[in-house]
Each structure stands twice: as structure tokens, then as C-alpha cells.
**Q** 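So that we are looking at the same thing, I have put the structure below in C-alpha cells.
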2 protein chains.
Amino acid sequence: MGKATIDATDRKILSLLIRNARMPFLEIARECGISGAAIHQRVKKMEESGVIRGFRLEVDPTALGYNVSAMIGIRINDPSMNFEIVDGLRRIPEVVECHFVTGKYNIWTRVYCVDHEHLMHTILDHILRVPGVSETETFISLSDSFGRQVSVRDLDQ
Amino acid sequence: MGKATIDATDRKILSLLIRNARMPFLEIARECGISGAAIHQRVKKMEESGVIRGFRLEVDPTALGYNVSAMIGIRINDPSMNFEIVDGLRRIPEVVECHFVTGKYNIWTRVYCVDHEHLMHTILDHILRVPGVSETETFISLSDSFGRQVSVRDLDQ
DNA sequence: ATTGAAAGAATCTCAAC
DNA sequence: GTTGAGATTCTTTCAAT
């Protein structure tokens, strides 16, 4: 478990909100067998403690015109510039994810682009021009098979 | 743009809901300068057309006890088994993302585990035992620098 | 598509346990 | 932590434009 203490009721609340983040607290209350006020209080507490990072809309990228997605492994030539490099990547709107990783790449990113030309432009004119970035390797995503949240079952059992 | 037609008002609605998926429709209505009923109707339409995939709670995985995340590139030995392999991966709860990609890996996944032992167990006893999977390469995520949705600005302009 | 109106439902706070 | 009650606000539908 993490630093914040999460009980079975909290886990049930989380699992319901993961399915539908707009589920009314009163409906959650009926599912959990406690009052709406208690749900309200527990959700607020989990927001404050950081267990809940936010309520997000999931949008189909293709509906917004983003038809190409790719994973890009990045090697950097100066480990002391980590934060500057991430900041540089953050300024590129096509880059939607960024992680430091172990192994042959130093940074792993995911980008969304309109088409292949846009992807090429994003890599050559933006990612490779971030100071400190030395090489990239691109894996074009042919289809998203699935994406979901971590499971909320009780790991302590 | 995608198949569904999205105008500037829809984009504004999406950008507000991406920030906070529980934002009341009446508040969105005030921001957009149209009625709550119109927002309600537009959101419902975007849900039906698939532009909106869902309203999701974003949870901090470490709060649930998942302290290790990794990207895993997978090579498969039988391209005709694609769907069976994805189904096999879907049955592993630790696998939260799965995409077909071009390049040296055929499938790219992301996993969340409690610790390194759990990660090793997940790879050796679950992922590598999915029929059709031949090799894996693991990149442990040292830290998530950022993660966000695609930008909703108008690409047509 | 958008609107206002109206009924029903939900949110949020609070004093009390 | 939990509760019920109450004031406020939101959701949802619908007939009309």
C-alpha cells in the first residue's frame, strides 16, 4: 500500500469512478451502503492526499484529427540536463507522455500527430532540436489494443 | 479532422472536461455562452459518436501499492495469432496498455507492479507464457515526467 | 441546433453522534 | 468516520423556435 491509507470502501469508490468519473456520489453511496455525505468526504480526502489525481475526459484522438501515434525512445548526451530536456519536450504539444527509463533509451515518449509528415516534422524539427537529445528511435503505433487503469483489488490480502 | 464534425464550441467543451471531467454542465454553459441544455445535448452527441470515450478517474498507482512501472517490448513468433495474444495479455491485470507497433517489437505494453519481484513474476510467469510470445525487452520507468491528453486546438486553421 | 421552464436529483455543508 | 437534514445547484427532458 502507499502512504495514504485506503480501505475497502475507498477501493470500491475508486473502482466505480474509474468506470465512470461522473457517477453521482449518491449512486456510489447506494452501492457502498453508506451515506452520500460520507462518499463526498472520502473522495475529497483522496483528492487532497493525492490518491485521486483528477477526473479526466478520455477523448478519441482521431476525432480531433490525430491519426498517427508513435512511441519514441530517446537517448540523451548529458545526464545532468534531464530536467531541461523534459521541459523542452513538454513544450512540444504533440508529446503527450514522457518517462525516464532504464536500458538503451533514457527517455520514453509518446506522441500524437495528424499524419506521417507531421510526425516526421515533430521528430526532426522539435524533438531532435531539444538541447541534450542525441538520438531517437520511433515505433509507430498501428492500433491501440487496449488501455486501462491499474486494478484496485486489495493487494494486502 | 475525424469523421465526426467538431466545432469550436465542442472543442471548448472538451478542453474544459479534460481538465475536470466533473465540471457541471451549467458551469461549462456559462463559459461557452450557451445554455445548459445545449451543452448536455452536445456532450451526449459526442459520447454517441465516439469522440468522447469516457469519463475516467485518474488514480495515483503508488497509492494502490503499485511502485514499479515498466514498458515492455514484445516480439511474437506467429503474426496470425495477434488477437489471441492480445487477449492473453488482457487477462494479465498488471498489463494496463497494449499496442501493435512497427519496428523491432510487434507489441508494446506497459505494466504496473508492486515491486521488482512482482515485475519479474509478471514477465516470466505470465507475459512469456502467453502462447505466441517469443521474446520481451523491459524498460523500467524511473519516473513519470508527465502525461496528458492531446491538445484540442483547431488543427484546420 | 438552441432555448427556457420545470420536475426530479445531486452537491455540499453542518451540527450532532 | 458517519449521519440526516436542508439550502443550493445541477441534470434531464420537452415543447417551441
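Throughout, a chain's letter reflects where its sequence line sits, starting with A, and its residues are numbered from 1. Quantities reported herein were computed from a predicted structural model and do not represent experimental measurements.
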**Q** Less than 4.0 angstrom between a side-chain N/O of B:Arg22 and OP1 or OP2 of C:dA10, yes or no?
**A** no
**Q** To the nearest angstrom, how far is A:Ile28 atom CD1 from C:dA9 atom P?
**A** 18 Å
**Q** Nearest-Å distance, CG (B:Leu17) to P (D:dC10)?
**A** 14 Å
**Q** Rounded to the nearest Å, what distance is computed from the CD1 atom of residue B:Ile6 to the C1' atom of nucleotide C:dA1?
**A** 14 Å
**Q** Run the numbers on B:Val68 and B:Val114 for side-chain contact (heavy atoms from CB on, under 4.5 Å), then give the verdict.
**A** CA-CA 6 Å; B:Val68 175; B:Val114 171; over 6 Å; no
**Q** What distance separates A:Ile13 CD1 from A:Ile18 CD1, expressed to the nearest 0.5 Å?
**A** 12.0 Å
**Q** Rounded to whole Å, please give me the gap between CD1 in A:Ile13 and C1' in C:dT11.
**A** 15 Å
**Q** Tell me whether the side-chain N/O atoms of B:Arg30 come closer than 4.0 Å to OP1 or OP2 in D:dC10.
**A** yes
**Q** Can you give one letter per nucleotide of nucleotides 12-17 of chain C, going 5' to 3': B for a protein heavy atom under 4.0 Å from the base, S for sugar-phosphate only, - for none?
**A** SB----
**Q** How close do A:Ser151 and B:Leu64 get, counting heavy atoms only, and between which atoms?
**A** O-CD1, 4.3 Å
**Q** What closest approach, in Å, do B:Arg11 and B:Val152 show between heavy atoms, and which atom pair accounts for it?
**A** CD-O, 2.6 Å
**Q** C:dT2, C:dA1, D:dT3: which one has an atom nearest the side-chain heavy atoms of A:Ser35?
**A** D:dT3
**Q** Between D:dT11, D:dT3, C:dA10, which nucleotide gets closest to the side-chain atoms of A:Pro24?
**A** C:dA10
**Q** Could you state the CG-C1' distance from A:Leu26 to D:dG4, rounded to the nearest angstrom?
**A** 12 Å
**Q** Nearest whole angstrom, please: distance from the P of D:dT8 to the CD of B:Glu27.
**A** 18 Å
**Q** Between P on D:dG1 and CG on A:Asp7, what's the gap in Å once rounded to a whole number?
**A** 9 Å
**Q** Counting only heavy atoms not in B:Arg148, do more than 12 fall under 6.0 Å of its CZ?
**A** yes
**Q** Tell me the interatomic distance from B:Asp10, atom CG, to C:dT2, atom C1', rounded to whole angstroms.
**A** 13 Å
**Q** Can you confirm if the aromatic rings of A:Tyr105 and B:Phe139 lie within a centre distance of less than 6.0 Å?
**A** yes
**Q** If hydrophobic clusters are built by linking Ile, Leu, Val, Met, Phe, Trp and Tyr wherever their side-chain heavy atoms come under 4.5 Å apart, do A:Met71 and A:Ile107 end up in the same one?
**A** no
**Q** Nearest of D:dG1, C:dA1, C:dT2 to any side-chain atom of A:Arg42?
**A** D:dG1
